[in-house]
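These notes are about the structure you will find just below.
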Amino acid sequence: MPLHLEVITPEQRVYEDDVDMVIAPGSEGYLGILPHHAPLLTALGPGEFRVKKGGVEETLAVFGGFMDVRGDRVVVLTDAAEPAEEIDAERARQARERAEETLAQAATLSAADEARARAALQRALVRIRVSERRRRRPT
Ligand code: ATP
């Protein structure tokens, strides 16, 4: 019995399929979910959401949200989930560079601007990791 996974954002159903395993960026660390997992409701942090199916692995970048595991059904509700193949690695590297340049002047930044730059840096790092994982994967 596989897991039935749905990843839903306000705009669309990003992913829906029967899968073998999910590795999710829980707010307290990464969590592996196999069929027959105990019921679980957890917040997600920014990170790599990995989906394994038939020996193939797909990765989505997620930036928060919630995951509900009930029976063999996994529902992820999140503001944004980006499949690896939709991520522009060069754009993410430029975003990382901009955020790092901003943070290098932390002493002159307001707390709000610093928090914004840190969040932008975190998004960029997740996107870079997800796009690199895709490149490493044998096709
Ligand atoms: P940037 O500074 O490059 O715009 P950002 O982190 O500020 O990045 P977001 O506000 O998180 O961007 O996202 C705005 C929109 O741009 C979203 O639809 C998001 O999916 C898309 N997006 C952001 N970065 C990338 C990327 N590297 N590749 C593909 N789409 C991206």
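Computation of the quantities below employed the complete heavy-atom set of this structure, encompassing side-chain atoms and omitting hydrogens, waters and symmetry-equivalent molecules.
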What is the distance from atom [atom1] of [X] to atom [atom2] of [Y], rounded to the nearest 0.5 Å?
X    : Y    : atom1 : atom2 : value
D113 : T102 : CG    : OG1   : 8.5 Å
L121 : E101 : CG    : CD    : 12.0 Å
M67  : L5   : CE    : CG    : 9.5 Å
L125 : R123 : CG    : CZ    : 11.0 Å
E114 : T108 : CD    : OG1   : 9.5 Å

Are any of the side-chain nitrogens in K53 or E58 under 4.0 Å away from the carboxylate oxygens of its partner?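 Looking at K53 and E58, the cut-off is not met.
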Are the charged groups of R93 and E97 less than 4.0 angstrom apart, N to O?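 Answer for the salt bridge query: no.
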State, to 0.1 Å, how close [X] and [Y] come at their nearest heavy-atom pair, and which atoms those are.
X    : Y   : result
R91  : D88 : N-OD1, 3.0 Å
G26  : L31 : CA-CD1, 4.2 Å
L3   : M21 : CD1-CA, 4.2 Å
I128 : A92 : CG1-CB, 3.8 Å
E48  : T59 : CB-CG2, 3.9 Å
D72  : H36 : OD1-N, 2.8 Å

Any heavy-atom pair between the side chains of [Y] and [X] that's under 4.5 Å?
X   : Y   : result
P10 : D79 : yes
I23 : K52 : yes
H37 : V74 : no
F49 : V14 : no
V75 : I8  : yes
R50 : V22 : no

Determine the sole option in E82, E132, Q122 for which the side-chain hydrogen bond (donor to acceptor under 3.5 Å, both in side chains) test with R127 is passed.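 Exactly one pass, corresponding to E82.
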Do [X] and [Y] belong to the same hydrophobic cluster, where Ile, Leu, Val, Met, Phe, Trp and Tyr are linked whenever their side-chain heavy atoms lie under 4.5 Å apart, directly or via other members?
X    : Y   : value
F63  : V76 : no
L40  : L44 : yes
V62  : Y15 : yes
V126 : V51 : no

Should we count CZ of F66 as having more than 12 external heavy atoms under 6.0 Å?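 It does not: F66 CZ has 12 such atoms or fewer within range.
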For E28, does the CD atom sit with more than 12 other heavy atoms under 6.0 Å from it, leaving out its own atoms?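 Count not over threshold, so no.
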Partner set under side chain to side chain donor-acceptor pair (under 3.5 Å) for R70, not counting sequence neighbours: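 Side chain to side chain donor-acceptor pair (under 3.5 Å) list for R70, sorted by chain: D68.
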Is the side chain of T78 donor-acceptor paired with the backbone N or O of G64 at a distance under 3.5 Å, no angle test? yes
